[in-house]
Amino acid sequence: MAVERFPVDSLPTEATTYVGRSAEIHGARQMLGTASLVTLTGPGGVGKTRLALRVAAAARAAFQDDVVFVGLADLHKPELLVNTVAERLGLGDRSNRPQIDLLVDQLRARRLLLVLDNCEHLVEACARLVEALLASCPHLVVLATSRQSLAVAGEQVLPVRPLAVPESADAPDGFEQYDAVRLFVDRAKAVVPSFAVTDENIGDVARLCRALDGLPLAIELAAVRLRSLSVRQIADRLDTRFTLLTGGRRWSPGRHATLQALIDWSHELCTEQERLLWARTSVFSGSFDLDAAEEVCSGDGLDRTVVLDVIDGLIDKSILLREEHEDVARYRLLETVRQYGEDRLSVAGDLTGRARRHRDWYLRLTTRAAAEWIGPDQVEWVHRIRREYANLRKALDFCASAPEEATAGLTMVHAIKEYLLIRGLNTEGRVWLGRLLDIAPVDAGNRSTALSTYAFLALIQGDMPAFETTLASAAEVAEETGDELAGAYADHVLAYAALIGDNSERAAELFHAAAGQFRRHQDLGGELWSTFNYGLAVSLSGDLDRGREVLRDCVQNYVARGEVFWRSWALWSESAAEYLRGDLERATNAGLQLLRLQRRIDDRVVIAFSLTVMAGCETHAGRWRRAARLFGAATATWQSVGTAPTNYAAFVEPMQRDIALVTEGLGAAEATAEFGAGTTMSVRDAVLYALGEEQSVADRATDDPRMVLTRRETEIAELVASGMTNREIADRLVIARRTAETHIDHILTKLDFANRAQIAAWFVASRRG
């Protein structure tokens, strides 16, 4: 199961080498000890994000590693801010309560450092969010970065100044004490390994750093020019450029103009094809891969066969940054550089056209994802959609900009509906569908299906008025247009409402009818979705043998296709049916299979359902202590997704009965203690506990690494314990950094640890033992 970790060992590309800022780090850490909100402010390119990452890394111990980083540069809709933070925290929204209330509930007692990076374009929304959280969460501390303060009561602002520059070149002995010089030298050596500060160039280095005003981004862009120019030539050319900027007056322009001049110069030194690609890649949000760049950015002066070579050129000029995700190279622009490219694209009159090509690419991507969802590549699709989610948001925003584009957006949301369910993005799904339905043509062919999807999301959030109104509209449109497939989706959602309301006979009838229509129209996803629910409904209505047969066939079908997500729900249906009406051993076995699958996909809702059923099974097996702890873990997991099993009528009486049995069996005090211990478990620990694979950190400290890890993993664990970074480990072992990171992820998974510090402590303790 995926574990969210603070990105200290896999920082953004531009932050992998740090220079200076020790005074700012110390000052920010002191502020974090006394204030609940600290905001790092400063102009673009001054290094606020890097500093925030360093401060957060330095402060980890004070928060027991509970540090969460939320980058906001790629978020453009203020109404999605709360959902974005909740998703990054691993929280869902299966409730119709305001998401901010759910966030407060989860963070009220948590000692957490929340880093909100790049708030300036969402400053009002960020201020409202921070105010609401800090008013009710006394142990929460927020570290924000923004070009302006959030203006929240109690906020402490730390202006991030440019790096220190030498006033002159007259003191060479202390020359490299200046952070701007150190950064320039570091970047210069990356470009020209033989570069060094000498008596001959020391004055030019000082002049250049002063001219660049100590701005880190400007220094890095200037250092790239060393491939073709000397330091003196760079400084001379900048001096000329600044003279032009200031109308012939011989003084340096402001910091904004300084950075603008550097970016202008970088743009002028690009080839025409590089300029085109720079502008066109500005339509992406976050990172993108080569296939996307070739499709979206080619044509009209840029042949797709040369896009890769042009990307190489922009990387070489430090315009594009290269990242690697699961062995796939991805590229991105720093936000300041992206905005520059977007301005150029707008001036060229190509912004809307490229945005449409961007949307079309992601429409095709999501359509393909839907077609391949029931198959062996499903887990990879989950990861890929997550990587592309910032781009999907941008594509949907484009779709919501005009009626003629909205139909494509409705298709996209329907295609990723399962992903929205896995990640708990129910409110966000309703936001997009609502915006798109408001402007889509009344005769849009997918209107009814979109209305059914909206109704389903409203239903599982408990928003019954919205569910009833929207589903009635969906059924009406389906009937008017004679769209049998749309009618099947409406029946399917209506069946869900009957199942939740414990009207299993009505649910079985509707699910069976919907599955037949899906089958006739060759909608495999819809057919299997309705079929396993039909099996559950039939079982609960009294025909357990028929239900078992349907569920067994459905699970086998999913297994044969290599599918994971809906197979988990079919297994839960089997487990729930047996728990409520049949064989507890079968119920337990199905639950164990489900939880093992969830290590790959991490759907918190089905995990919560399964933990609840597993607790009931343990109750009837007489294992009171284990049952109480699982009930506690299930409750915590339900709370994290914003709902409770009591919303499902069939579970109310059995759960109340089982809790009473456990309380009677253990005694109220002991039952409460065990229940409380369960509520403190992470979802990951709860799953391990349910699987019987739990092992305390104290127990693991006595393990011999050779009995737990492979030889290579043991070697890497030892290097981690010695204090080496991932890059240093990779260099020592002559392997790729990505390979080293993969080994460390495997170690963390095997040991059920969350960070490198735990690996180091465990390894040292095991050697002592």
Donor-acceptor pair, side chain of [X] and main chain of [Y], under 3.5 angstrom:
X	Y	answer
Thr366	Leu363	yes
Asn391	Ser287	yes
Arg581	Ala577	no
Asp463	Leu459	no
His620	Asp658	no
Ser448	Ala474	yes
Ser610	Ile607	no
Glu578	Asp583	yes
Arg393	Leu75	no
Thr619	Ala615	yes

Ring pair (Phe, Tyr, Trp, His ring centres under 6.0 Å) with [X]: which residues, sequence neighbours excluded?
X	result
Phe675	none
Phe631	none
Phe511	His492, Tyr496
Phe609	Trp569, Trp572, Trp638, Tyr648

Determine, for [X] against [Y], whether the closest basic-nitrogen to carboxylate-oxygen distance falls under 4.0 angstrom.
X	Y	result
Asp105	Arg97	yes
Glu484	Arg520	no
Arg387	Glu380	yes
Glu549	Arg552	no
Arg330	Glu388	yes

Counterpart residues, side-chain hydrogen bond (donor to acceptor under 3.5 Å, both in side chains), relative to [X] (two or more places apart):
X	value
Arg364	Glu295
Arg384	none
Thr411	Asn446
Thr643	Asn647

Which pairs pass ring pair (Phe, Tyr, Trp, His ring centres under 6.0 Å) with one or both residues in residues 82-106, sequence neighbours excluded?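 Matches after skipping sequence neighbours: none remain.
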
Identify the two heavy atoms, one from [X] and one from [Y], that lie closest to each other, and give their separation to 0.1 Å.
X	Y	value
Lys394	Ser285	CD-CB, 3.9 Å
Ala650	Leu580	O-CD2, 4.0 Å
Ala406	Ile439	CB-CG1, 3.8 Å
Val382	Tyr419	O-CE1, 3.5 Å
Ala395	Tyr362	CB-CB, 4.2 Å

Do the ring planes of His512 and Tyr534 sit parallel (below 30°), tilted (30 to 60°) or perpendicular (above 60°)?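 Ring orientation of His512 relative to Tyr534: tilted.
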
Check the angle between the aromatic planes of His358 and Phe284 and answer parallel, tilted or perpendicular using the 30° and 60° thresholds.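 Geometry flag for Phe284 against His358: perpendicular rings.
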
Residues in side chain to side chain contact (heavy atoms under 4.5 Å, CB included) contact with Asp443, at least two apart in sequence or another chain: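 Per chain and number, Asp443 pairs via side chain to side chain contact (heavy atoms under 4.5 Å, CB included) with Pro441.
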
Would you please name every residue forming a side chain to side chain contact (heavy atoms under 4.5 Å, CB included) with Glu372, sequence neighbours left out?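 Applying side chain to side chain contact (heavy atoms under 4.5 Å, CB included) to Glu372 gives Arg368, Asp377, Trp381.
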
Student check: side-chain heavy atoms of [X] and [Y] closer than 4.5 Å:
X	Y	result
Leu116	Val130	yes
Arg604	Val683	yes
Arg359	Arg354	no
Glu418	Trp566	yes
Leu102	Gln639	no
Leu89	Val70	no

Are there more than 12 heavy atoms of other residues, nucleotides or ligands under 6.0 Å from atom [atom1] of [X]?
X	atom1	result
Glu479	CD	no
Glu404	CD	yes
Gln522	CD	no

Could you tell me the separation between the [atom1] atom of [X] and the [atom2] atom of [Y], rounded to the nearest 0.5 Å?
X	Y	atom1	atom2	value
Ser575	Met614	OG	CE	7.0 Å
Leu80	Leu72	CG	CG	11.5 Å
His76	Leu81	NE2	CG	13.0 Å
Arg447	Leu433	CZ	CG	11.0 Å

Can you confirm whether the side chains of [X] and [Y] place a donor and an acceptor under 3.5 Å from each other?
X	Y	result
Gln378	Arg561	no
Tyr389	Asp74	no
Ser640	Gln106	no

Only one of Phe456, Phe518, Phe565 forms a ring pair (Phe, Tyr, Trp, His ring centres under 6.0 Å) with Trp529, so which one is it?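 Only one of Phe456, Phe518, Phe565 forms a ring pair (Phe, Tyr, Trp, His ring centres under 6.0 Å) with Trp529, namely Phe456.
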
Which residues pass the salt bridge (charged side-chain N to carboxylate O under 4.0 Å, His left out) test with Asp545, sequence neighbours left out?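 With sequence neighbours excluded, Asp545 shows a salt bridge (charged side-chain N to carboxylate O under 4.0 Å, His left out) to Arg548, given in chain and number order.
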
Only one of Thr453, Leu436, Leu451 forms a side-chain contact (heavy atoms from CB on, under 4.5 Å) with Leu410, so which one is it?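 Of the listed options, the one satisfying the test is Leu436.
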
